[in-house]
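See below for the structure under consideration.
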Amino acid sequence: MSAGALRRRLFIERAAGTADGGGGREIAWEPVATVFAAVRPVRAEERDELGRLDGVATHAVEVRAGVDLTGGDRLTIDGRTLRVLAVREADARGRRLLALAEEAER
């Protein structure tokens, strides 16, 4: 993949738990980085979530190596939110990372 393919700006966020004052924890999303990526849909499917059909879009997101990205992170791209499921090297030279992500919110 050429460097020009990494043209979509995305925001990486990571969950940070804070005490809610009632004995529980509240999740806040903290910014990690803003990077450019190539994003492409991989598949779309429907899942039965507690008796309700829920559509899930799965994407492949490619970024340059060295980006702090891990499973569980959240990506925001053009107002859409993706949840990172897994991250691995995209090529044998280790120049890029490939994240498999699914649409988290619509």
Side-chain angles (χ1 to χ4, degrees):
M1 178 174 289
S2 70
L6 304 177
R7 67 184 95 168
R8 308 258 323 260
R9 181 184 306 230
L10 66 87
F11 303 94
I12 302 171
E13 299 174 318
R14 190 159 293 143
T18 57
D20 67 2
R25 296 191 58 79
E26 189 173 298
I27 300 296
W29 292 95
E30 296 182 349
V32 173
T34 301
V35 298
F36 286 90
V39 181
R40 62 184 168 83
V42 176
R43 71 174 180 212
E45 64 183 39
E46 287 183 342
R47 290 186 187 164
D48 184 354
E49 296 287 334
L50 302 173
R52 180 185 74 154
L53 282 180
D54 190 24
V56 177
T58 303
H59 298 76
V61 180
E62 195 166 326
V63 297
R64 286 186 171 79
V67 170
D68 185 13
L69 183 62
T70 186
D73 285 351
R74 184 167 82 169
L75 307 175
T76 304
I77 306 163
D78 300 331
R80 297 170 68 189
T81 303
L82 304 176
R83 181 178 52 226
V84 177
L85 303 173
V87 179
R88 66 173 177 85
E89 287 185 349
D91 62 3
R93 293 183 179 177
R95 295 177 297 183
R96 309 225 189 228
L97 295 176
L98 180 67
L100 182 63
E102 70 180 1
E103 192 129 6
E105 302 169 5
R106 287 181 290 295

Same apolar cluster (I L V M F W Y, side chains within < 4.5 Å links), Val39/Leu98: no

Co-membership, hydrophobic cluster, residues Phe11 and Val84, 4.5 Å side-chain: no

From CA spacing to verdict: side chain to side chain contact (heavy atoms under 4.5 Å, CB included), Arg74, Thr81: CA-CA 7 Å; Arg74 184 167 82 169; Thr81 303; 3.3 Å; yes

Minimum heavy-atom distance between [X] and [Y], given as atom pair plus value:
X: Gly66; Y: Leu97; answer: N-CD1, 4.5 Å
X: His59; Y: Pro41; answer: CD2-CA, 3.9 Å
X: Ala5; Y: Ala38; answer: O-CB, 3.4 Å
X: Phe36; Y: Arg9; answer: CZ-NH2, 3.7 Å
X: Arg8; Y: Ile77; answer: NH2-CG2, 3.3 Å

Whichever hydrophobic residues join Leu85 through chains of side-chain contacts under 4.5 Å: Leu100

Residues that, via side-chain heavy atoms closer than 4.5 angstrom, fall in one hydrophobic cluster with Ile27: Trp29

Within-4.5 Å side-chain heavy-atom neighbours: Leu69 and Leu75: yes

Heavy-atom side-chain proximity of Leu6 to Val63 below 4.5 angstrom: no

For Asp68, side-chain contact (heavy atoms from CB on, under 4.5 Å) partners two or more places apart: Arg14, Val32

Spatial distance of atom OG1 (Thr58) from atom CD (Glu103) [nearest 0.5 Å]: 9.5 Å

